[in-house]
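To keep things clear, I will list the structure first and then write my remarks on it.
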Amino acid sequence: IFTSGASLKDEMVDELEEALLSADVGVRMAMEFCDRVREDIKQKRVKDSGDIQQALRAYLSTCFNGAAKNGFPHTSEKPHVVLFVGVNGAGKTTTIGKIASQLAAENKNIVLAAGDTFRAAAAEQLEIWSQRTNAKLIRGEAGVDPASVIFNALSHAKESGVDYVLADTAGRLHTKSELMDELQKIRRVAGKACEGAPHDVWLVVDATMGQNALQQAKEFHDALGLTGVVLTKLDGTARGGIVVSIAHTLKLPILFVGVGEQADDLRPFVPENFVESLFA
Amino acid sequence: DGFKRAKSAIGGETALSEANIQEAVREIRVSLLEADVELGVVKTFLERVKSRAIGELVQTEVKHKGTKVKRSPGEHFVRICHNELEKLMGSVEEVPIIYRRPFTTIMLVGLQGTGKTTTAAKLAKYLLNEKRKPLLVAADIYRPAAVEQLQTLGAQLNVPVFHQPDLSPPQLCADALREAKKRKRDVIIFDTAGRLAIDDTLMGELEEIKERTNPTNTFLVCDAMAGQDTVKSASEFNRRIDISGFILTKIDGDARGGAALSIREITKKPVKFLGVGEGVEALEPFRPEGLASRILG
Ligand SMILES: Nc1nc2c(ncn2[C@@H]2O[C@H](COP(=O)(O)OP(=O)(O)OP(=O)(O)O)[C@@H](O)[C@H]2O)c(=O)[nH]1
Ligand SMILES: Nc1nc2c(ncn2[C@@H]2O[C@H](COP(=O)(O)OP(=O)(O)OP(=O)(O)O)[C@@H](O)[C@H]2O)c(=O)[nH]1
Ligand SMILES: [Mg+2]
Ligand SMILES: [Mg+2]
C-alpha cells in the first residue's frame, strides 16, 4: 500500500519512455531524460503523476531553446540564397516547391536552381514546381557539374534583382565522401557567384527516419554548416522525434514541417505542439 | 539443480541464468533500439531468445583460433541472439522473384521517397540479366515528372516503359497486361505512387490494381533508415494488399536497418532484395548474415 504510489509513478515514467522511443526520440536521450524524472520523483521534486509528463515536457522543450529562429528569414541581402540538402528521397525538391509557393504569394521574385543534375528527371520535377509557382527555373543539361548550375542561377539572380534563390541539390548519403565534397564545392562556388551565399543551408529530414538521422545531420553540419532543418512527411504516422536530438546536439532551429505533397502543405514548426505530439 | 550447476562450473561449464545474462540483455536492448528495431519487436525477440537460452549449459572457455579464450555467459547470450536473428531474417534459398506463364507481374508499393521508381529500373536490369524481357509501367500519375523519371531510366536500359495519359493507375496497369502480350514482354513491373498507409483512398487504389491484375509479386519498398513507425505502415500495407516480400533500399548508408527485423517479425514476409546504391545495377538478392550482424551492431 505504501509503495503503490511510487510504483504508479514509475509505471508512468516507463510508459512515457516507451512513447518517446516509439516516436524516434534518440534512445540515449529518451532514457537520460526519463532517468532524470525518476530522480526528480525520488527527490520529491515531482509530487504527483500530473507533474511527471510536465517534467518530461520541460526537458524536451529545452532542446529547442538553442536556436530561437523561426519562420522564413526576412533578409536584406538580395538575392537571399537558400541551399537545400539532405539524403535521398527526404523531400527537398517538394519542399522547395512549397516554399516557392509561399514566397510567390508574398509577391517575392524567386529563382529555382536545378542543382540536382544527377537523378533521372530531377530538373523536370523542379520545372513543374517553377511553373506552378511562377518562379524562374535555371537548369543545366543532365550530368553537368551542379556547381555550374548554381553559379548561373546566382549570377542571373544578382543581375535581375531577384529576392530569393532556392537551390536544389541531389539527394546523397552522408557516408559518401565524394558526394559530400561535391556539396562543399557547390557551397564555395555559390559564395564566388554572390557574396555571402549561401545565406542559409537547410537540411531536409524525413519524419519517418530513425536514429541514423542524427548522424546524417552531424555529417551535413560538419561539411557545410547548416542553418536550419525542415521536417517532412509529418502528415503520416511517424512523429519525427529525431529532430529533438538534432536540435539539442547541433543547436539548429527546426523551421518548417511538411504535412503533405501539395504546394500549401508547409507549416511553421511550433516546439510546444511538437513536444505534445511525441506523447500521443 | 544447484549441485548440477556447481558440478558443471568445475568442469568449465555453466548454465545461462536470468542473473548472469541480465547485463547483456540490457545492452542488447539498447543496441536493438538504436538500430531502429521496433519497441514491441525488441521485447518479444529478447523474451523469446531468453526463454530459449536460460538453462542452457555453455563452456566458460572456448577455443578461438587455436587459443583458449574466456567466454562469459553474457557473451554466449549475444552469440545466441545473433543466431536467432539470422534465423529470423530468413533463409538464403528464398527465391527472390516468383515467375509465372505467360507473364510475371511485379507490383512495387510503399511510402513516399523510399526508392520505388529507382528500384523498378533496377529490377528491370536484374531481369535482363536473367534473360527475361521486362516491361516497365509508369503508374504514378501524381508526382511531378514521375513518368519522365521512369521513362528516362527505361531508355537508359533499353527497356520499354508503358504509360498513357488520362488513365487511372488501375486502368494503366490493366492495359499494361495487353501491352505486354502485344510486345511479347514476359515480366511486367508496376511502379506506383508513394502513399501513406493511412490514406484510405490511395490504399484503395492499390487494392484495385491488385484486383484487376492479380500480380505474382507485390513488393513493399522500404527505406533502410526508417525508424519505429515503419512497422505500422508495413503491417497496414500487408493487411490491405498482402505483400509477398519487401525490398530494403539505401542500405549503402550506415543506418543499422533494424526496420527489416521489425517488418519481418510482424508481417512474417521475407526480404527479397537490397538496394545498395543509386545506379541501376545496385540491387542484390537478399542474404541474411550481413544484415543480422549490422542490426546487432
Ligand atoms: N506525405 C508527404 N509526402 C511528402 C512530403 N514532402 C515530400 N513528400 C513526397 O516525398 C517524395 C519525395 O520527395 P522529393 O521532393 O522528390 O524528395 P527529394 O529529397 O528531392 O528526393 P531526391 O532528390 O531523389 O533525393 C515525393 O513523393 C513527395 O511528394 C510531405 O511533407 N508529406
Ligand atoms: N543511396 C541510395 N539511394 C537510393 C537507393 N534507392 C533509391 N535511391 C534514391 O532515393 C531517392 C528516391 O528514389 P525514388 O525512386 O524517386 O523513390 P520513390 O519511392 O519512387 O519516390 P516516390 O515515387 O516519390 O514515392 C532517389 O534519389 C534515388 O536515387 C539505394 O538503394 N541507395
Ligand atoms: Mg530532389
Ligand atoms: Mg516514384
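Keep in mind that the numbers below use all heavy atoms, side chains included, and drop hydrogens, waters and symmetry copies. Per chain, numbering begins at 1; letters A, B, ... match sequence-line order.
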Notebook entry, point to check: With no hydrogens and no angle check, is any side-chain donor or acceptor of B/D229 less than 3.5 Å from a backbone partner on A/T208?
Noted result: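 No.
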
Next item on the list: Any chance you could measure A/R28, atom CZ, to B/E34, atom CD, to the nearest 0.5 Å?
Entry: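 So the gap between those two atoms works out to 4.0 Å.
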
Notebook entry, point to check: Tell me, do A/M31 and B/L33 make a side-chain contact under 4.5 Å, heavy atoms counted?
Noted result: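 Touching, per the 4.5 Å side-chain cut-off.
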
Notebook entry, point to check: Does any non-hydrogen side-chain atom of B/Q112 lie less than 4.5 Å from one of A/T232?
Noted result: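 Answer no - side chains too far apart.
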
Next item on the list: Kindly give the heavy-atom pair with the smallest separation between A/D24 and B/G227, and that separation in Å.
Entry: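 What the structure gives for the nearest pair is OD1-CA, 3.5 Å.
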
Next item on the list: Looking only at non-hydrogen atoms, find the nearest pair between B/G253 and A/L173 and report the distance.
Entry: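 For B/G253 versus A/L173, the nearest heavy atoms are N-CD1, 3.4 Å.
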
Next item on the list: Please determine, among A/T175, A/T237, A/D206, the option with the most heavy-atom pairs under 4.5 Å with chain B.
Entry: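 Among the listed options, the one with the most contacts to chain B is A/T237.
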
Next item on the list: Count the heavy-atom pairs under 4.5 Å between each of A/I242, A/T93, A/N88 and chain B, then report the option with the highest count.
Entry: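 Top count of heavy-atom pairs under 4.5 Å with chain B: A/N88.
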
Next item on the list: Begin with the C-alpha distance, continue with both residues' side-chain angles, and end with the deciding distance and a verdict on side-chain hydrogen bond (donor to acceptor under 3.5 Å, both in side chains) for A/N212 and B/D254.
Entry: CA-CA 7 Å; A/N212 191 250; B/D254 58 3; 2.8 Å; yes

Notebook entry, point to check: Charged N to carboxylate O below 4.0 Å: is that the case for A/K176 and B/E278?
Noted result: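 Looking at B/E278 together with A/K176, the answer is no, because their closest N to O distance does not fall below 4.0 Å.
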
Notebook entry, point to check: Is there a donor in the side chain of A/Q125 and an acceptor in the side chain of B/Q149, or the other way round, less than 3.5 Å apart?
Noted result: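 Looking only at side-chain atoms, B/Q149 and A/Q125 do not form any donor-acceptor pair under 3.5 Å.
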
Next item on the list: Could you tell me which portion of A/Q216 (side chain, backbone, both or neither) has an atom closer than 4.5 angstrom to a non-hydrogen atom of chain B?
Entry: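 Side chain only.
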
Notebook entry, point to check: Which bit of A/Q215 is near chain B, if near means a heavy-atom gap under 4.5 Å: side chain, backbone, both or neither?
Noted result: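 Contact with chain B involves the side chain of A/Q215 alone.
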
